[in-house]
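Notes follow once the structure below has been shown.
As the structure lists them, so they are numbered: ligands from 1, and atoms in each ligand from 1.
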Amino acid sequence: MAIPFFKEMRIGGYILKQKLLGRKRYPLVLMLEPLFRCNLACAGCGKIDYPDAILNRRMSVEECLQAADECGAPMVAIPGGEPLIHREIDQIVKGLVARKKFVSLCTNALLLEKKLHLFEPSPYLFFSVHLDGLKEHHDKSVCQTGVFDKAVAAIKAAKAKGFAVNVNCTVFDGYTAEELANFLDFTEELGVGVSISPGFSYERAPDQEHFLNRKKTKELFRRVFALGKGKKWSFMHSSLFLDFLAGNQSYHCTPWGMPTRNIFGWQKPCYLLGEGSVATFKELMETTDWDSYGTGKYEKCADCMAHCGYEATAANAAIANPLNALRVSLRGVKTEGEMAPEIPLDQQRPAQYVHSEIVQSRLSEIRKAEAEAKVQKSATAA
Ligand code: SF4
Ligand code: SF4
């Protein structure tokens, strides 16, 4: 397992403490999106489809650090958009590391080599480089040639300077088990751990045809894990999450496990679905109708098997049944035989489409604030 022992111990200790305190719902990873602007436009991305007025907004350093303090999760993932575009990303990372948060800075790596000097290697900092496959596959996935080569060069440069680096791979339909296994062999040669997840079917992603459904996801991962027997692929996941991907666990998601803070506020209910936002983490936890989300409950959740929804479930399952987790770690993921029962979808509520409404309301707020600032500036100048 690629997760350093020290990090694993700290996180295990945090989970045990929450259990002892009798907390039913607690966060594991803060998903901090300080901006939505990106220097790529990937076909499967559901995060950057906003008007310029929103893409130009940034969370301040203070807002980012306050979010981490408010939430209290031991880990902070910084996706985006592309976080390295944020002019104060170094200060955000520095402030989080000073708080002893494990920071995973998720980047497409186009700016990584150029900006490495802004950061210092630390056991608390990880660069998580977006790499969806080998050269041809990745460049197709990000809709731009040459990105794979730049990302690999940046990974090597970061490793040479002593930074911890892993890659995050999103899997879409059309990827064969053999291709994925070849990619995992490559990550082994590169000496990086892998975070892997089936792509979530974002309603606003330009490419709607290549999202995997649950059945295909489980079959694909079974074939991949069968090809990986005896290899030393290094996954940044718990053994039970991998077991879930291979169809051996019937888990319900834990959307509060990885709460999301972005320029809209705290996003309801999870990183993948934006169905409104609230001003504080407390409000998010107390006012979200958690029981109305998840596979079998809500149409948009039907095919979700993403790590941000289920890694926290797997972590809880490992604490509840450590022997089961140990068994999977020692014997490997089961790749044959019957799968665990699937959650029935016949009672799920229909999808609600609220994105345009949310964007319009945020745009009105931005315009109002800009108009007020203009009036104030004129008054000061007069
Ligand atoms: S690099 Fe990430 S944030 Fe940027 S377009 Fe691609 S998926 Fe979206
Ligand atoms: S299944 Fe859970 S984690 Fe996935 S989109 Fe729905 S609420 Fe979010």
Reference residue Y310; test ring-ring contact (aromatic ring centres under 6.0 Å, His included); the match among Y251, F244, Y271 = F244

Are side-chain heavy atoms of I54 and F36 found at a separation under 4.5 Å?
-> yes

Should we say atom NZ of K140 is surrounded by more than 12 heavy atoms from elsewhere, each under 6.0 Å from it?
-> no

Who's touching ligand 1 if we go heavy atoms under 4.0 Å?
-> C38, L40, A41, C42, C45, I48, G81, N108, H130

Is the closest heavy atom of F200 to ligand 2 under 4.0 Å?
-> yes

Mind checking whether F186 and F148 have ring centres under 6.0 Å apart?
-> yes

Report whether V192 and V103 are members of the same hydrophobic cluster (ILVMFWY, side-chain heavy atoms less than 4.5 Å apart, transitive linking).
-> yes

Over 12 foreign heavy atoms within 6.0 Å of CD, E63 | yes

Going by chain and residue number, what protein N/O/S atoms come nearer than 2.8 Å to atom 6 (Fe) of ligand 2?
-> C301 SG

When the aromatic ring centroids of F235 and F241 are compared, is their separation below 6.0 Å?
-> no

Under 3.5 Å: donor-acceptor pair, side chain of K218, backbone of M339 | no

Do any side-chain atoms of residues 365-382 form donor-acceptor pairs under 3.5 angstrom with protein atoms, and if so which ones, sequence neighbours left out?
residue : atom : partner : partner atom : Å
E365    : OE1  : R362    : NH1          : 2.9
S378    : OG   : K374    : O            : 2.8
T380    : OG1  : Q376    : O            : 2.6

E88: what forms a salt bridge (Lys or Arg N to Asp or Glu O under 4.0 Å) with it, not counting sequence neighbours?
-> none

